[in-house]
Amino acid sequence: MEGRYIPENIEGKWQKKWEEQGTFRHYGRERKFYVLDMFPYPSGAGLHVGHPKGYIATDVVARMKQLQGYSVLHPMGWDAFGLPTEQYAIKTKTHPKVTTEENIATFKRQLGSLGFTYDWDREINTTDPEYYKWTQWMFLEMWKKGLAFESYEPILWCPSCQTGLAKEDLEGDACERCGTIVEKKPMRQWVLRITDYADRLLEGLDSLDWPESVKESQRNWIGRSEGAVIRFYIPHPKSQSPNKSQNTDSKPQTEEGCIEVFTTRVDTLYGCTYVVVAPEHPFVQQRRSDIKNQKEVETYISETARKTEMERTAEGREKTGVRLDGIMAINPINGEEVPVFVADYVLGDYGTGAVMAVPAHDVRDFAFAKKYNLPVRTVVSGLGDVPFTDDGVLADSADFSGLDSEQAREKIATRLEADGLGKKVVKYKLRDWVFSRQRYWGEPIPLVHCEKCGVVPVPENELPVLLPDVASYEPTGTGESPLAGIDEWVNTSCPSCGGKAKRETNTMPQWAGSSWYYLRYIDSKNKESFVGKELEKKWMPVDVYVGGAEHATRHLIYARFWHKFLLDIGAVSTDEPFKKLINVGLILASDGRKMSKRWGNVVNPDDMVGDFGADAMRLYEMFMGPFNQNISWNTDGVVGTRRFLEKVSVLDRKADTGAKDAEGKIRTLLHKTIVKVTDDIDSFRFNTAVSTLMILVNALEKEPVLSLPQYSIFLKLLSPFAPHIAEELWEGLGNTESIFLSSWPEADPDFLVEDTVKIVVSVNGKVRDTFEISSDATEDDLKAKALGSEKIAKFLDGMAPKRIVVVPGKLVNIVV
RNA sequence: GCCGCGGUGGUGGAAUUGGUAGACACAGGAGACUUAAAAUCUCCCGGCUGAAAAGUCAUGCGGGUUCGAUUCCCGCCUGCGGCACCA
């Protein structure tokens, strides 16, 4: 058929031209815009249609911003270290490097077919030694600042992946990757002191233009609680005098002779009827000899140790515990003696690992007290059942009685502080970042263990410490990485004293490389530093960052932490890396499940591009619904956007050099479309931008001719979404330079005003009639016209209107 | 339990400083063109009543505020996500 739209004839052609002519590499302009996708893990399965959704969106934004005159940075790269590739290596004996290269080639081809504007000169790959050299350098900077440290605390261990994990790598009590229930395993590991940044990570959230849900997730994850550490003195059985002066330096940790508890409810201190320590708490060991039922207590503790975290913390589980006979704690506010229990409902790794129990005002303490028949003493009154856990007014609390909870917390804490028996503190749920993995396919940690000098950093000029080839990629299972088996690599000399030394054999987690990659794109070829200062200042922060919501508490916390560290050492100029964050919703399979080989419901973008063209596929993914929402795929929808493009492809027959600009309704529509499409792209409402373009095309179709300037406006508005066809039609108009080097249309305010408006007439709020009237009609005109309507007269039925509400330009409501 | 975000036709969805609910699209139906099919074009397309004109109900449920509520307020139901024996 004549003039038929055949995507394959034009898409490859323009993709090649854009690349060859550097159409999207205009970096010298005055204003900058950095638009970034979360870079993918190049898996062996290739892309399914869900992956490009976010990339299409950033491409639309990048193209519009370029047309608006910005220098646009829009890069792409590969987060290529990690377990899937390593597991594939174990299975097939293929070097992960090889697999990674192959996978990247597939991904690049697939992305290329969709016509993205990525600047491939800036491509990065976290497994490239030229890249991970800087990841190692940053790790050493952290080490130098004391932010990376060796720890021997028991950590989370996945018995299937055979590696240590960070708390962020869990889903409930299972390994996020393989679903195996994790264990606690004592072993040496490297840890980053992310908790030092807890407060800044929390505060920084307020300044960010991020989805509320992500900010909320991060707030929950950081888990800040304001409270106090309170010291309960534990007299030895025969020496009964608490010596307060000894205890003035009350650090929030346990010392022999006392138990320090953490509470957010200092105001309930008078209601404390017992104290509980976690089974892991050192107190039991320290005061072993004073505990009369030592055997019973130790049995309880060892039973607890056998339970998994999940068993221990399951909600609704009956509380258990054992009283420490012969031990009494002294409540520092009133000198009262209360019993001490060990119970597993108190967690060893939060707060101080010990709590003051106030059964009247805490549900857990209440449940425990009921079971073991402990006294319940109400000291805060308010409306509600026991346990009453809200704030209220204090009672039976000596001279604090009558105060409200908030005042009381302040005053009691101040009193305790003055007496050296307590201290206001802030606690976090955030844990330090367990940073070592016992696996092969990761960045080697650039440290050396010297017999004489201890831990010594590899000198900067010797970076990167290359990941050596190994015979077997299998984890050793001994808690050491496969690197430990390569003697010639492990054995080295100490950079400091030259003596015998061994290399650190742990590798970094997958999240290391992704914590700073957005900085490397800015200056990807720089050999002197990971990013040049001037360029960093020019491009940072990232203006829009697009990616999945699943990264809320991992990548996005790690990267913010990492960035703040880089700020502290003067390596970057901004305190937050990502100014605006947008979550991309998943594309589910048509059966509503996630697309997965396992379900056989995967739709391949190659097929869509082949059947309908890249532009139709791009339009559909933008049109299918709100960008951040999960929506099921429906190939029929691509048929729809393809039909739309068919209509577009014949519009140019109406474009006529001799035609004058249209006026009236069609001109108003065109200019309103400019406003709507521009606003919608800026705010990621692509679905309504596309529907607005469809409305415009439906109208343009009915016009006998289109003027060149007006038709060009339409092409420009279409171009971010369907760049190939827009470019082709643009060229057809005789333009010799890319449409993307022209300029984004601006609406003329004069043309946005309609000559006539449609007025709705309602009676008692129900629409009964409508009429057209000149836009500058007065309120009285509207009223008169409305009352003159026959239909309205019928509804008024002779009754006189009680009131007439007129909204100029919109409606007349008659109340009877 | 706490916190965040949602609930609109057969389907995806649109509309909020309160002002015609269902834009746009998909699916479906009827028709035109065609030897036929595809493609394309035209019309219909929330429920109920009605031949139609029209009326009436309807945005998870129940109340309220208002001339007017998908939009604001109160109380529920429900889906998704985060945190969770965190003191």
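In what follows, every chain begins at residue 1, and chains take the letters A, B, ... in the order their sequences are listed.
Using a 4.0 Å heavy-atom distance criterion, A:K215 is classed as making no nucleic acid contact. Counting non-hydrogen atoms under 4.0 angstrom, A:K429 reaches a base of the nucleic acid. Residue contacts shown for A:P626 are limited to sugar-phosphate atoms, with no base heavy atom under 4.0 Å away. A:G640 comes within 4.0 angstrom of sugar-phosphate atoms only, judged by non-hydrogen atoms across all strands, and of no base.
For A:R265, the side-chain hydrogen bond (donor to acceptor under 3.5 Å, both in side chains) partners two or more places apart in sequence, or in a different chain, are A:D267. A:D611 is linked by a side-chain contact (heavy atoms from CB on, under 4.5 Å) to nothing, counting only residues two or more places apart in sequence or in another chain.
Applying the 3.5 Å distance criterion, the base of B:rC67 shares a donor-acceptor pair with the side chain of A:N813.
With both ends at atom P, the span from B:rG13 to B:rG7 equals 10 Å, rounded to whole Å. B:rU71 and B:rU17 have their C1' atoms separated by 11 Å, given to the nearest Å. Distance noted for atom P between B:rA30 and B:rG79: 39 Å (whole Å). For the P atoms, the distance linking B:rC44 with B:rA53 amounts to 12 Å, nearest Å. As rounded to the nearest Å, B:rG9 and B:rC24 have C1' atoms that lie 14 Å from one another. Rounded to whole Å, the separation between the C1' atoms of B:rC43 and B:rU35 comes to 26 Å.
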Heteroatom pairs (N/O) under 3.5 angstrom, protein to nucleotides 21-24 of chain B:
none

Check nucleotides 3-7 of chain B against the protein and report each pair of N or O atoms closer than 3.5 Å, with its distance, or say if there are none.
| from | atom 1 | to | atom 2 | distance (Å) |
| --- | --- | --- | --- | --- |
| B:rC3 | O2' | A:E216 | OE2 | 2.4 |

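Using a 4.0 Å cut-off between charged nitrogen and carboxylate oxygen, A:K794 and A:E790 do not count as a salt-bridge pair.
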As a check on the pairing definition, encode RNA chain B in dot-bracket form, counting Watson-Crick and G-U wobble pairs whose two distances are under 3.5 Å, and using | for partners outside this strand. (((((((..(((......[....))).(((((.......))))).((((....))))..(((((..]....))))))))))))....

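Geometrically, A:K53 engages A:F627 in a cation-pi contact defined by less than 6.0 Å to the ring centre and at most 45° from the axis.
Listed candidates were B:rC83, B:rA87, B:rG19. Nearest to the side chain of A:V805 is B:rG19. Here the side chain of A:K319 is nearest to one of B:rG19, B:rC85, B:rA87, namely B:rC85. In the set B:rA15, B:rU40, B:rG55, the nucleotide with an atom closest to the side chain of A:K676 is B:rA15.
Base orientation of B:rG62: anti, since the glycosidic angle falls outside 90° of 0.
Screening residues 624-634 of chain A for side-chain hydrogen bond (donor to acceptor under 3.5 Å, both in side chains), with sequence neighbours left out, gives A:W633-A:T635.
The six-membered or imidazole ring of A:F612 lies away from that of A:Y620, with a centre-to-centre distance of 6.0 Å or more.
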